[in-house]
Structure formats: C-alpha cells, structure tokens
Amino acid sequence: QVQLVESGGGLVQAGGSLRLSCAASGLTFGGYAMGWYRQAPGNERELVAAISSGHTTYYTHSMKGRFFISRDNAKNTVYLQMNGLKPEDTAIYYCAAKIGLYNDYVNYWGRGTQVTVSS
C-alpha cells in the first residue's frame, strides 16, 4: 500500500520559513517524480514544485526563488523549504508522486498538511 505522509506544516508569521517533509512508502521511490501541490479555500489545487528522481526541479513561476524542493532517495523523502512566506501562501500542501516530472497526472497523493501564514 502506497503512503505519502506529509509533516512540517503549521502557523507562521509573514516573512517566516517552514520546511515540509513527505515520507513515502510502498512504492519504488526512485521511479517517481515527486511534487508539492497546494490548495487554498475556494481555489483549485495547483502545482508548487516538482523534482525528478535525478534531482531536476521545476517550479511554478510565482514560487521560484522563495520555495526550494529537494529529495533524499535513500530516505524516500521529499522536502519543500519555504522562505519569505506570505499570507497568500496559506493553503493545504499536498505531496504527490507521479511518473514524469512534467506529467500532469498524479499517481499518488498524500493527505496534506496545513500551512497558515499570518499577516
């Protein structure tokens, strides 16, 4: 059974930082690109960043320079370092596993972790 378990969310003031982690199990981690998505109330789920098994990264334009995705294939874990957080970054952040860095289709989803940025 595939499980993606996010952690590291919470409440932070604007300008602060958080580091999200996603521990994967039940899948061949190196065979998947990993991504972070987010969904704010009333909005559609959107891609934040993704990383291939070979560590090639992709960022949604508005996140570039503030958010940094990384992965540790030995630990089956993907991370999202978020700096300079803004109130508009408030959302549920989801970990995802997919075949192909640029593929829109997600094979597996985590349950999400709440990030709240206060002004």
Open item on the list: Quick check for you: to the nearest 0.5 Å, what is the distance between Glu46 atom CD and Gln39 atom CD?
Closed with: 9.5 Å

Open item on the list: For residues 68-85, which residue pairs pass the side-chain hydrogen bond (donor to acceptor under 3.5 Å, both in side chains) check, not counting sequence neighbours?
Closed with: Ser17-Asn83, Arg71-Asn73, Gln81-Asn83

Open item on the list: I want to check something: taking the side chain as every heavy atom from C-beta on, are Val115 and Leu20 in contact at a cut-off of under 4.5 Å?
Closed with: yes

Task: Exercise: identify the closest heavy-atom pair between Gly84 and Arg66 - done: O-NH1, 3.0 Å

Open item on the list: Does this structure show an ion pair linking Glu6 with Arg111, if we count only N-O contacts that are shorter than 4.0 Å?
Closed with: no

TODO: Treat each ILVMFWY residue as a node, draw an edge where side-chain heavy atoms are under 4.5 Å apart, and state whether Leu11 and Leu18 are in one component.
DONE: no

Task: Separation of Thr90 OG1 from Gln114 CD (nearest 0.5 Å) - done: 7.0 Å

Task: Minimum heavy-atom distance between Ser119 and Ala14, given as atom pair plus value - done: CA-CB, 4.3 Å

Open item on the list: Distance check, rounded to the nearest 0.5 Å: Ile69 atom CD1 versus Phe67 atom CZ?
Closed with: 11.5 Å

Open item on the list: Just verifying a value: how many Å separate Leu27 CG and Met34 CE, rounded to the nearest 0.5 Å?
Closed with: 6.5 Å

Open item on the list: Ignoring hydrogens, what is the shortest heavy-atom contact between Val78 and Cys95? Give both atom names and the distance.
Closed with: CG1-SG, 3.8 Å

Task: ILVMFWY cluster membership beyond Leu101 - transitive side-chain contacts under 4.5 angstrom - done: Tyr37, Leu47, Tyr58, Ile92, Tyr94, Tyr102, Val106, Trp109

- [ ] Please answer whether the main-chain N or O of Ile99 pairs with a side-chain N or O of Asn103 as donor and acceptor at a distance below 3.5 Å.
- [x] yes

Open item on the list: What's the separation between atom CZ in Arg38 and atom CG in Asn43, rounded to the nearest 0.5 Å?
Closed with: 9.0 Å

- [ ] For Thr113 and Tyr93, indicate whether the former's side chain and the latter's backbone hold a donor-acceptor pair under 3.5 Å.
- [x] no

Task: Minimal non-hydrogen separation, Gly30 against Ser53, with atom names - done: O-CB, 2.9 Å

- [ ] Kindly give the heavy-atom pair with the smallest separation between Val48 and Met63, and that separation in Å.
- [x] O-CG, 3.7 Å

